[in-house]
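Being a predicted model, the structure only gives us computed values, none of them experimental. In each ligand, atom 1 is the first atom listed, and ligand 1 is the first ligand listed.
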Amino acid sequence: MVDLKAWLSQQREKGELRRLRPVIRRRNGRIILAGDDARELIDFSSNDYLALAEHPALIEAAQEALQRFGTGSGASRLMSGDLAVHHELEEAVAGLKGKEAALTFGSGYMANAGIIPALAARHDLIFSDRLNHASIHDGCRLSGARLVRFRHNDLNHLEELLKEKRGTGTALIVVESIYSMDGDRCPLRELVTLKERFGCLLMVDEAHATGVFGAKGGGVIEEDGVSSGVDLAMGTFGKALGSYGAYVAGNRELIDYLVNRARSFIFSTALPPAVAAASLAAVRLIRQEPKLRHELHEKIGYFKGLLRTGGYSADLGSSQIIPILLGESGAALDKAELLRKLGLFVTAVRPPTVPEGTARLRLSITRHHSPTDLSQAVTALLEIMD
Ligand SMILES: *Cc1c(COP(=O)(O)O)cnc(C)c1O
């Protein structure tokens with residue numbers, strides 16, 4: 001048993017102790033935190049990129065489902081929790097992702113922790129990008145398969161490892177299309193070529209891409225035209241889709257198989273009807289209103305342009321997620337605190353969320369941000385980086 005007190009104080013000293021801070025109010029991209037004298041900050045830490053969590057279409061859909069079905073779904077899908085809305089949602093997701101079928105999960109964490117062990121077991125191989133999300137990593141570990149981690153976005157390294165270790169069993173390659181803490185993008189076309197050459201399964205986590213990229217909002221796999229080369233198109237409803245839960249899209253057999261084998265699907269209560277209904281409204285909305293996406297990309301371009309004009313020259317990623325690398329956790333916390341004083345809420349991301357020595361500020365641009373918010377943020381950032 002760890003000495004809890006010693007552990008906590010050690011974390012505090014390193015600047016790596018996490019604590020919860022209730023949000024008193026959140027609206028229109030503004031946030032008020034407990035113990036902050038009701039001071040309103042501009043929120044640069046939300047993954048609600050398209051501002052759908054407050055969209056009337058989602059709220060109405062959820063309210064209607066609440067009235068009809070009540071709050072909880074009552075059971076797992078395989079018991080009595082399987083509602084028509086889950087199936088409508090899965091059909092809509094399959095369409096969005098250009099796949100035959102889809103399956104929903106309680107959350108992205110549960111999806112990754114359930115899908116990966118269903119596909120790979122002892123004696124199989126998983127090739128995983130070093131910067132993959134913790135839920136992917138945990139899914140790999142749960143599977144008991146041999147885990148081979150390749151350098152972030154380095155397909156030459158992946159190719160070397162495939163040549164050396166591929167063998168003849170099942171081999172699964174797992175990546176994210178947009179990396180959650182770096183905002184950079186996986187070279188999916190080249191990856192699909194590689195996975196075909198070596199006869200592997202490819203799983204792509206589009207948690208930060210769905211809704212934001214692709215003409216229909218189908219993510220980077222749509223934008224890059226690689227849907228058919230991606231065996232498992234996974235993603236979540238909790239980020240750009242403004243709701244909660246997750247999905248994987250793939251061919252019919254794969255989905256039938258996962259219904260029988262993904263333990264986090266089988267042994268867990270179905271998503272509440274109101275949540276599934278909100279997700280369905282969001283999937284429809286992102287297809288019908290590409291304007292939402294275009295507005296976001298304009299804001300991203302404007303923000304990055306201002307930073308560049310202001311003389312900031314480090315990498316700004318290729319998405320709505322912008323990392324400002326600082327190195328030590330203490331430095332990231334200090335800078336986040338300075339930004340708070342200047343009216344911005346930006347999270348300091350520290351190990352173990354990111355590798356040691358790469359603590360950073362992580363800003364996310366959302367459709368809530370006005371040009372004034374964005375220029376205020378740039379001024380503040382340039383000031384604290386001096
Ligand atoms: C957020 C995230 C998840 C987890 O999704 P939740 O629905 O929040 O559990 C999985 N993968 C990636 C890449 C994520 O960013």
Side-chain angles (χ1 to χ4, degrees), residues 18 20 23 45-50 52-53 58 86 89-90 93 97 102-118 126 128-143 149 152-153 172-186 188 191 202-213 219-221 230 232-249 262-265 268-272 275-276 278-280 282-283 317-323 347 349 352-355 360 362-366:
R18 274 121 158 116
L20 292 164
V23 172
S45 71
S46 165
N47 297 323
D48 182 18
Y49 306 121
L50 297 174
L52 294 193
L58 274 75
H86 296 126
L89 176 58
E90 287 165 351
V93 166
K97 290 286 169 180
L103 188 66
T104 54
F105 286 81
S107 69
Y109 187 94
M110 288 173 65
N112 286 331
I115 295 164
I116 299 171
I126 303 175
S128 175
D129 187 289
R130 266 203 200 138
L131 292 191
N132 273 340
H133 192 261
S135 57
I136 297 176
H137 194 62
D138 291 357
C140 295
R141 293 208 304 193
L142 258 178
S143 75
R149 298 173 85 188
H152 175 54
N153 267 346
L172 173 68
I173 301 173
V174 196
V175 297
E176 295 177 31
S177 58
I178 298 291
Y179 281 85
S180 58
M181 296 300 143
D182 292 74
D184 56 350
R185 188 167 163 152
C186 177
L188 284 180
L191 182 58
L202 174 60
M203 173 164 170
V204 179
D205 180 332
E206 294 228 274
H208 297 274
T210 304
V212 177
F213 294 94
V220 176
I221 67 168
V230 172
L232 296 108
M234 178 271 173
T236 71
F237 298 117
K239 286 162 182 158
L241 290 149
S243 177
Y244 188 73
Y247 60 83
V248 63
R263 295 171 63 83
S264 62
F265 172 83
S268 191
T269 302
L271 279 170
V275 172
S279 301
L280 176 58
V283 172
S318 42
S319 70
Q320 72 282 14
I321 299 163
I322 297 151
T347 19
V349 184
T353 305
V354 291
R360 66 198 67 185
R362 174 193 184 268
L363 282 89
S364 51
I365 307 301
T366 76

### Query
Taking the inter-plane angle between the rings of His208 and Tyr49 on a 0 to 90° scale, is it parallel (under 30°), tilted (30 to 60°) or perpendicular (over 60°)?
tilted

### Message
Please list the nearest protein heavy atom to atom 6 (P) of ligand 1 with its residue and the distance rounded to 0.1 Å.
### Response
Gly108 N, 3.2 Å

### Task
Report the part of Asn112 (side chain from C-beta onward, or backbone N, CA, C, O) that has a heavy atom under 4.0 Å from ligand 1; answer both or neither where that applies.
side chain

### Query
Backbone N or O of Gly183 within a donor-acceptor pair of the Ser319 side chain at under 3.5 Å?
yes

### Query
Hey, what's the ring geometry for Phe237 with Tyr247, parallel, tilted or perpendicular (30° and 60° as the breaks)?
tilted

### Query
Looking only at atom types and distance, does a side-chain atom of Arg149 sit under 3.5 Å from a main-chain N or O of Arg130, one as donor and one as acceptor?
yes

#### Entry: Under 4.0 Å to a heavy atom of Ser180 - the qualifying atoms of ligand 1, by number
15 (O)

### Task
For Asp205 and Ala207, indicate whether the former's side chain and the latter's backbone hold a donor-acceptor pair under 3.5 Å.
yes

### Message
Closer than 3.5 angstrom, by distance alone: can the side chain of Glu206 be matched with the main-chain N or O of Ala233 as a donor-acceptor pair?
### Response
no

### Proximity of His208 to ligand 1 by residue part, where a heavy atom lies under 4.0 Å
side chain

### Task
Find all atoms of ligand 1 within a distance of less than 4.0 Å from any non-hydrogen atom belonging to Ser107, and give their numbers and elements.
7 (O), 9 (O)

### Query
Purely on distance, is any nitrogen or oxygen of Thr236 under 3.5 Å from one on ligand 1?
no

### Test item, Lys239 contacting ligand 1 (heavy atom, 4.0 angstrom)
yes

### Query
To the nearest 0.1 Å, how far is atom 9 (O) of ligand 1 from its closest protein heavy atom, and which atom is that?
Tyr109 N, 2.9 Å

### Non-hydrogen atom of Ser135 closer than 4.0 Å to ligand 1
yes

### Query
Just distances here: any N/O of Asp205 and N/O of ligand 1 closer than 3.5 Å?
yes

### Query
Counting only N and O atoms by type, is there a donor-acceptor contact under 3.5 Å from the side chain of Ser364 to the main-chain atoms of Ile321?
no

